[in-house]
Number of protein chains: 2
Amino acid sequence: MSQESVPFDVFTAMCPSREVLEHVTSRWGVLTLAALSSEPARFGELRRRVDGISEKMLSQTLKALEGDGLVDRRVHSTLPPHVEYVLTPAGQQVAEAVQALIVSLYGVMPDVMRVRDGV
Amino acid sequence: MSQESVPFDVFTAMCPSREVLEHVTSRWGVLTLAALSSEPARFGELRRRVDGISEKMLSQTLKALEGDGLVDRRVHSTLPPHVEYVLTPAGQQVAEAVQALIVSLYGVMPDVMRVRDGV
DNA sequence: CTGTATCCGTAGGGATACTG
DNA sequence: CAGTATCCCTACGGATACAG
């Protein structure tokens, strides 16, 4: 698990990793990845897990993550259609990091609120 | 390091942790936090580290992170003015998680590019 | 159920000029 | 050096209606 040098640098504007970073850290990307890390889910279930997301944005977010190879879309052509979204192995790696980030925020929330309230 | 239950839930639209999450995962928030995690920096130095950021957005991002208690702004009232931005202990926790997220993306980039290119 | 299509407002963000 | 102030634009994202 050494931190070897990689041919990518997110600090450089033109690096392709920037685009993936923006998908992952987009408003709904973070929450969608985290919502999928517990277990796969269908469209409707995801909408319920990620409170406040619209159909449009969920659809758009899933497409972006799928295009990044982080999410797998599994279609069962039945009637009514049954579609399930699953994290790819790559997606699981990223989702775990996202989860850790969220947890780190929780740990910090009390401080945040103290600062906000000037206590 | 147990994952105990906390009174925050980022999946709920009204949870105050959402706002902090959005600051941290904003387009420039991620990069600014990561840029500060190596070592404190001044305004101009940050601009150089985070390739592509505008003065306006750097200023705005730093203010948000400062308001969240993640960044400390240290002013030395000299001429010319000398201002240094430092991560708070809380900010270091979050910045580490952000760093880990970025590294996880690097590990995934080859897959991403394979998917994109359809190889 | 699982989405797409359309309309539309807002605010995120870039460029530039200016100040202490 | 370290920002603020403006102008301005577009693209993110919400609401609604419709489709397979």
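Each chain gets a letter, A, B and so on, in the order the sequences are listed, and its residues count up from 1. Quick caveat, the model's predicted, so the values are computed rather than measured. Computed from heavy atoms alone, side chains included, the values below leave out hydrogens, waters and symmetry copies.
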- State, to 0.1 Å, how close B:Ser17 and A:Tyr106 come at their nearest heavy-atom pair, and which atoms those are. OG-CE2, 3.8 Å

- With a non-hydrogen cut-off below 4.0 angstrom, is B:Arg73 in contact with a base, only sugar-phosphate, or nothing? sugar-phosphate

- Note on the structure: B:Leu79 atom CG is separated from D:dC1 atom C1', nearest whole Å, by 9 Å

- Message: Test your reading of the model: is there a side-chain donor-acceptor pair from B:Thr61 to the backbone of B:Met57, 3.5 Å cut-off?
- Response: yes

- Query: With distance as the sole criterion, is a donor-acceptor pair present between the side chains of A:Gln93 and B:Ser104 under 3.5 Å?
  - Reply: no

- Judged by nearest nucleotide, the residue sitting upstream toward the 5' end of DNA chain D, B:Lys63 or B:Arg48, is B:Arg48

- Short N-O contact, A:Arg48 and A:Glu45, less than 4.0 angstrom: yes

- Return yes when atom CZ of B:Arg74 has more than 12 non-hydrogen atoms of other residues, nucleotides or ligands closer than 6.0 Å, and no otherwise. no

- When you list every nucleotide of DNA chain C with an atom under 4.0 Å from a heavy atom of chain B, which one comes first 5' to 3', and which comes last? C:dG13 to C:dG20

- Message: Taking only side-chain N and O atoms of B:Ser59, does any of them lie within less than 4.0 angstrom of OP1 or OP2 on D:dA2?
- Response: no

- Message: Looking at every heavy atom in both B:Pro40 and B:Arg49, which two are closest together, and how far apart are they?
- Response: O-NH2, 3.6 Å

- Query: Given atom CD of B:Glu45 and atom C1' of D:dG3, what is their separation to the nearest angstrom?
  - Reply: 17 Å

- Task: Return yes if some donor-acceptor pair links the side-chain N/O of B:Thr12 with the main-chain N/O of B:Met14 below 3.5 Å, else return no.
- Result: no

- Send over the distance from B:Tyr85 OH to D:dA2 P, rounded to a whole Å. 8 Å

- For nucleotides 9-20 of chain D, just jot down a letter per nucleotide in 5' to 3' order: B, S or -, based on protein non-hydrogen atoms under 4.0 Å. ----BBB-B--B

